[in-house]
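For the numbers below, each heavy atom of this structure counts, side chains included, while hydrogens, waters and symmetry mates do not.
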Amino acid sequence: MPAHPSVYQRRRPPTRMELDQIPWLGLLRNDERQQIEPQLVVSDPQPGDYVCRVGRPVTYWFGVISGLLKMSNDDARGQTMTFLGIPPGGWFGEGTVLKRESYRYNIQPLRPSVVAGLPADTFHWLVDHSLGFNRFIMHQLNERLGQFIAAREADRLNNPESRVARSLAGLFNPVLYPGVGDVLRITQQELAYLAGLSRQRVNEALQALQTMRLIEVTYGGVRILDLDGLRRVMIERRSDNR
DNA sequence: TCATTAAATTGTT
DNA sequence: AACAATTTAATGA
């Protein structure tokens with residue numbers, strides 16, 4: 001166990017089962033897929049490791065195969081603020097890869113995870129050659145824009161129920177995270193990190209949302225019953241505490 | 001496959 | 001923040 005957090009990750013080729021977790025591979029033509037599949041690499045980051053850090057030059061476009069990541073940023077005072085959680089099936093960083101800028105956020109696993117990476121050059125090759133890939137990216141950018149706005153607004157909310165509802169609604173987004181079924185593997189402690197609340201408060205909020213029949217709380221996870229209802233809660237409560 | 005034990009997670013003060 | 005109860009995962013016969 002290293003004493004200092006590191007961006008170094010041991011890379012390896014993806015297994016067959018891991019490739020099946022990549023939602024956009026199936027949108028490529030066979031020849032395109034043959035071309036880029038060998039370029040895919042995976043790593044196994046642990047909590048404390050960085051998948052990418054603010055300011056580092058873009059090397060890969062990343063996707064979650066398994067586990068759970070958090071996207072965060074440090075403000076001027078050095079306070080860390082978490083924007084969103086990224087569950088399995090989620091791919092991120094396309095905006096910065098497109099512009100060949102440096103990363104604008106930190107990405108760290110909340111638990112041991114498996115992360116896939118597509119080299120920036122390969123990403124650009126797909127943008128230039130694959131219609132299916134471009135469709136995927138367009139959907140992705142559109143959905144994430146909405147999520148970022150929701151994340152911004154949620155930081156002004158002080159109502160724990162709406163904050164937890166917002167985090168859950170984000171994680172259950174079927175467009176961004178097709179790898180998440182109706183049950184999401186997440187502990188209440190992890191949810192507390194993402195929502196910026198204590199575990200106790202998250203626990204209470206989850207019970208309340210369960211009573212409203214929006215979710216079902218299980219050991220080590222949450223089952224979604226009513227996604228639209230969750231989204232409604234996070235909006236309704238917003239006007240309450242102005 | 002089952003029983004035992006350790007570890008993780010949850011519910012409550 | 002600490003504790004007890006519950007669920008899961010790991011181990012080995």
Side-chain angles (χ1 to χ4, degrees), chain A residues 1-6 9-10 12 14-21 42-51 64-72 74 77-90 106-116 151 154-155 157-173 177-227 229-231 233-234 237 241:
Chain A
M1 193 78 83
H4 300 291
S6 167
Q9 290 297 321
R10 186 156 172 273
R12 57 180 176 82
T15 67
R16 189 60 216 283
M17 276 179 56
E18 287 166 347
L19 286 176
D20 291 340
Q21 299 303 307
V42 299
S43 62
D44 305 84
Q46 305 298 306
D49 293 340
Y50 283 87
V51 174
V64 184
I65 302 294
S66 68
L68 185 66
L69 308 185
K70 68 166 179 176
M71 178 182 292
S72 63
D74 299 323
R77 287 167 300 210
Q79 284 287 311
T80 297
M81 64 185 294
T82 297
F83 284 110
L84 40 91
I86 309 168
N106 294 315
I107 302 283
Q108 291 181 279
L110 286 172
R111 68 172 97 118
S113 302
V114 179
V115 173
D155 283 325
L157 307 177
N158 45 24
N159 188 322
E161 277 170 36
S162 35
R163 294 184 67 118
V164 171
R166 209 260 320 148
S167 292
L168 286 177
L171 289 166
F172 277 113
N173 183 318
Y177 312 126
V180 178
D182 61 336
V183 283
L184 172 69
R185 290 264 309 164
I186 189 172
T187 68
Q188 298 181 4
Q189 180 63 72
E190 291 166 338
L191 208 41
Y193 278 124
L194 294 179
L197 299 169
S198 70
R199 189 173 67 77
Q200 292 95 315
R201 219 62 197 77
V202 167
N203 184 274
E204 289 183 47
L206 285 175
Q207 300 301 335
L209 295 172
Q210 180 170 241
T211 304
M212 292 182 227
R213 298 172 187 275
L214 302 177
I215 59 171
E216 194 178 307
V217 181
T218 64
Y219 184 89
V222 174
R223 169 178 285 109
I224 185 86
L225 300 179
D226 183 356
L227 180 56
L230 267 186
R231 289 175 171 151
V233 165
M234 81 191 208
R237 298 293 160 117
N241 357 283

**Q.** Base versus backbone protein contacts along nucleotides 7-13 of chain B [heavy-atom cut-off under 4.0 Å; B, S, -]
**A.** -BBBBBB
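Checked for salt-bridge contact, A/Arg12 and A/Glu18 meet the test: a charged N lies under 4.0 Å from a carboxylate O.
Once rounded to the nearest 0.5 Å, the distance linking CG of A/Asp49 with CD of A/Gln108 reads 8.5 Å.
Side-chain contact between A/Leu171 and A/Leu84: absent, with no pair of heavy atoms (C-beta onward) separated by less than 4.5 Å.
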Q: Any chance you could lay out the side-chain contact (heavy atoms from CB on, under 4.5 Å) test for A/Val164 and A/Leu197, step after step, and finish with the verdict?
A: CA-CA 9 Å; A/Val164 171; A/Leu197 299 169; 3.8 Å; yes
Result block: side-chain N/O donor-acceptor pairs under 3.5 angstrom for residues 207-216 of chain A, not counting sequence neighbours:
from: A/Gln207; atom 1: OE1; to: A/Gln210; atom 2: NE2; distance (Å): 3.3
from: A/Gln210; atom 1: OE1; to: A/Val217; atom 2: N; distance (Å): 2.9
from: A/Thr211; atom 1: OG1; to: A/Gln207; atom 2: O; distance (Å): 2.9
from: A/Glu216; atom 1: OE2; to: A/Arg223; atom 2: NH1; distance (Å): 3.2

